[in-house]
J.: 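Sharing a structure below in structure tokens format, with a few things to ask.
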There are 2 protein chains.
Amino acid sequence: MYTIGQVSEMFGLPISTLRYYDKQGLFPEMKRVSGIRKFSETELEALRVIECLKKSGLEIKDIKQFMDWCVEGASTYPQRKALFERQRETLETEIAHMNQTLDMLKFKCWYYEQASKDGHEDNLRAMIPDNLPENVSQWYENAHR
Amino acid sequence: MYTIGQVSEMFGLPISTLRYYDKQGLFPEMKRVSGIRKFSETELEALRVIECLKKSGLEIKDIKQFMDWCVEGASTYPQRKALFERQRETLETEIAHMNQTLDMLKFKCWYYEQASKDGHEDNLRAMIPDNLPENVSQWYENAHR
DNA sequence: ATAATAGCTGAACCTGACTTCAGGTCAATA
DNA sequence: TATTGACCTGAAGTCAGGTTCAGCTATTAT
């Protein structure tokens with residue numbers, strides 16, 4: 001059993017955020033001792049799931065829905081499974097976009113490295129889009145796909 | 001040369017968003033004909049960069065800074081290069097976190113698949129964390145690292 | 001006994017990124 | 001000529017996800 005301060009330390013989250021999550025109903029099972037929140041392993045795992053679902057793009061109110069399903073019991077396994085499968089797809093798509101974005105950043109790093117060396121962008125403008133070096137061309141095309 | 005409506009179509013962005021970006025100074029070179037915005041290739045490339053920098057976690061005001069550097073000319077190549085290198089690192093870290101999150105989602109998909117089959121979580125609770133199947137164990141450990 | 005420390009509350013406030021609104025311009029078609 | 005459609009403006013509104021505030025309580029240290 002942990003206090004809110006300990007959990008704040010463990011997860012690197014402000015205490016105010018933990019209280020906010022609680023108020024939004026993300027810890028439906030949490031116990032209190034004379035008014036003071038007691039975080040158990042259940043709540044720590046909830047927090048891990050919260051961070052995971054948040055990163056996959058879910059809003060707080062939908063995370064609350066998930067927590068409510070957990071309380072409701074075995075009858076909601078299908079919904080919970082479907083949720084994670086949706087979020088898995090979402091995140092896979094998101095990661096693909098991120099990698100495309102990363103290629104754009106790599107291209108721009110190369111671009112400004114050249115520009116810095118040359119002191120101008122004239123050579124570069126002549127190379128785009130058909131006379132770029134092999135790897136750079138890959139980044140460029142992927143980013144502009 | 002494109003109108004705001006055409007650009008909105010091309011990029012799938014609301015017109016209001018394009019006007020907002022303009023007001024924030026993200027198209028410092030944009031021309032107008034009797035008050036009406038004319039988007040040229042410069043602005044289209046600016047938009048690509050905006051989407052890219054936004055995805056890498058930059059705020060609008062920092063993107064404006066970059067656009068201002070572009071107007072300032074060759075003397076700001078080093079700043080621009082440094083910016084893209086920072087954002088590249090940021091995004092690489094971000095993608096690594098995303099992949100960890102993805103492993104958590106994969107684990108949860110497996111978990112609720114089992115739970116659905118079994119009708120309860122008793123078996124699962126007995127398996128965690130040391131008696132999980134090989135691949136599942138990888139997801140679990142990576143997610144809880 | 002008292003004071004510092006960590007916890008509690010509801011309500012108000014904040015921030016970034018848009019979006020909506022009310023009212024106006026302008027060019028082309030009916 | 002009048003109406004339609006696409007553009008324009010500044011100002012106000014919205015929304016999610018917190019954060020801050022003022023005032024209160026409970027436990028531990030001196």
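First the proteins, then the strands, lettered A, B, ... as listed; each starts at 1.
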J.: What string of B, S and - do you get for nucleotides 16-22 of chain C 5' to 3' if you count protein non-hydrogen atoms under 4.0 Å?
T.: SBBBB--
J.: What pairs meet the ring-ring contact (aromatic ring centres under 6.0 Å, His included) rule with one or both residues in residues 47-68 of chain A, with sequence neighbours excluded?
T.: A:F66-A:F84
J.: Check this for me: does any side-chain nitrogen of one of B:E92 and B:R88 sit under 4.0 Å from a carboxylate oxygen of the other?
T.: yes
J.: For nucleotides 2-9 of chain D, give me one character per nucleotide, 5' to 3': B if any protein heavy atom sits under 4.0 Å from the base, S if the only such contacts are to the sugar-phosphate, - if neither.
T.: -----SBB
J.: Is the number of heavy atoms from other residues, nucleotides or ligands under 6.0 Å of B:Q79 CD greater than 12?
T.: yes
J.: B:D68: which residues meet the salt bridge (charged side-chain N to carboxylate O under 4.0 Å, His left out) condition with it, sequence neighbours left out?
T.: B:K64
J.: Could you check whether B:K108 makes a cation-pi contact with B:Y111, meaning its NZ or CZ is under 6.0 Å from the centre of the six-membered ring and within 45° of the ring axis?
T.: yes
J.: Could you check how far NZ of A:K55 sits from P of D:dG17, rounded to whole Å?
T.: 16 Å
J.: Distances under 3.5 Å only, N/O to N/O: pair up the protein atoms with those of nucleotides 23-25 of chain C.
T.:
none

J.: Using the test side chain to side chain donor-acceptor pair (under 3.5 Å), find all partners of A:N123 that sit at least two apart in sequence or belong to another chain.
T.: A:D118
J.: Look at atom CD of A:E45 and say whether more than 12 heavy atoms of other residues, nucleotides or ligands are closer to it than 6.0 Å.
T.: yes
J.: CZ of A:F11: more than 12 outside heavy atoms within 6.0 angstrom?
T.: yes
J.: Find the distance A:M30:CE to C:dC8:C1' and express it as a whole number of Å.
T.: 12 Å
J.: Within a radius of less than 6.0 Å around NE2 of B:H97, do more than 12 heavy atoms belonging to other residues, nucleotides or ligands occur?
T.: no
J.: Hey, is B:R32 close enough to B:D22 for a salt bridge, meaning N to O under 4.0 Å?
T.: yes
